[in-house]
Protein chains: 2
Amino acid sequence: MDIKQQVGANIAKIRREQNISQEELAFRSGLHRTYISGVERGVRNPTITVLSEIATALKVSIADLVC
Amino acid sequence: MDIKQQVGANIAKIRREQNISQEELAFRSGLHRTYISGVERGVRNPTITVLSEIATALKVSIADLVC
């Protein structure tokens, strides 16, 4: 599993634990749903600012997304 | 301080603690020295794969770079 896949799996896991849909996460983070889907599948290469927006939307730290 | 500046400051701090030059970090991470300089100054927006390469080069975790 490369780092993109690892981060994607972390985001999906945290999102599901919070019972949030990809649509809701997209809305909260100001990103497009298809982009969120791509990040979760590990096919996107998110920047630190995108990770910061997703972490804020999920109310977790960026470290939680990259561990 | 935004997240790019925070990550840049973390990288510069860790690099200096290890007495590594930007040139050496660039060589180890396979990135250009001017790009490393830009990341450390917070004017670049590194992706998760770039952060992974820098973390590996510094022998720290990505979480160490984003905290």
Side-chain angles (χ1 to χ4, degrees):
Chain A
M1 182 179 274
D2 69 24
I3 186 63
K4 293 184 294 189
Q5 292 166 323
Q6 180 61 54
V7 167
N10 291 344
I11 292 170
K13 178 173 175 283
I14 294 168
R15 177 178 62 75
R16 290 190 188 108
E17 285 169 353
Q18 297 184 12
N19 293 310
I20 297 173
S21 66
Q22 284 185 343
E23 286 77 8
E24 177 63 18
L25 178 53
F27 175 74
R28 292 186 188 185
S29 57
L31 300 165
H32 198 277
R33 192 200 65 74
T34 55
Y35 183 81
I36 294 287
S37 169
V39 169
E40 291 192 354
R41 285 181 288 118
V43 299
R44 293 285 184 171
N45 189 13
T47 64
I48 189 65
T49 50
V50 162
L51 290 175
S52 178
E53 287 155 4
I54 292 174
T56 301
L58 291 172
K59 300 184 179 70
V60 296
S61 71
I62 299 175
D64 292 326
L65 302 186
V66 300
C67 288
Chain B
M1 184 179 271
D2 70 24
I3 186 63
K4 292 183 296 188
Q5 292 167 321
Q6 180 61 54
V7 167
N10 291 344
I11 292 170
K13 179 172 174 285
I14 294 168
R15 175 177 61 76
R16 289 189 188 111
E17 285 168 354
Q18 297 183 13
N19 294 310
I20 297 175
S21 66
Q22 285 185 342
E23 286 77 9
E24 177 63 18
L25 178 54
F27 174 76
R28 292 187 188 186
S29 57
L31 300 165
H32 198 277
R33 192 200 65 75
T34 55
Y35 183 80
I36 294 287
S37 169
V39 169
E40 290 191 356
R41 286 181 290 116
V43 299
R44 293 284 185 170
N45 190 13
T47 64
I48 188 65
T49 49
V50 162
L51 291 175
S52 178
E53 286 155 3
I54 292 174
T56 301
L58 292 172
K59 300 186 180 68
V60 297
S61 71
I62 299 175
D64 292 325
L65 302 185
V66 300
C67 287

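Protein chains get the first letters and strands the later ones, always in sequence-line order, with residue 1 at the start of each.
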Heavy-atom nearest pair, B:Ser52 first then A:Ile3, reads CB-CG2, 4.0 Å
With rounding to the nearest 0.5 Å, note down the distance linking NZ in A:Lys4 to OG1 in B:Thr49.
6.5 Å
Which portion of B:Leu51 sits near chain A, non-hydrogen atoms under 4.5 angstrom:
side chain
Residue of the set B:Leu65, B:Asp64, B:Val66 for which side-chain contact (heavy atoms from CB on, under 4.5 Å) holds with A:Val66:
B:Val66
Contact class of B:Ser61 relative to chain A, heavy atoms under 4.5 angstrom:
neither
Output for pair (B:Thr47 OG1, A:Ile48 CD1), nearest 0.5 Å, gives 10.0 Å
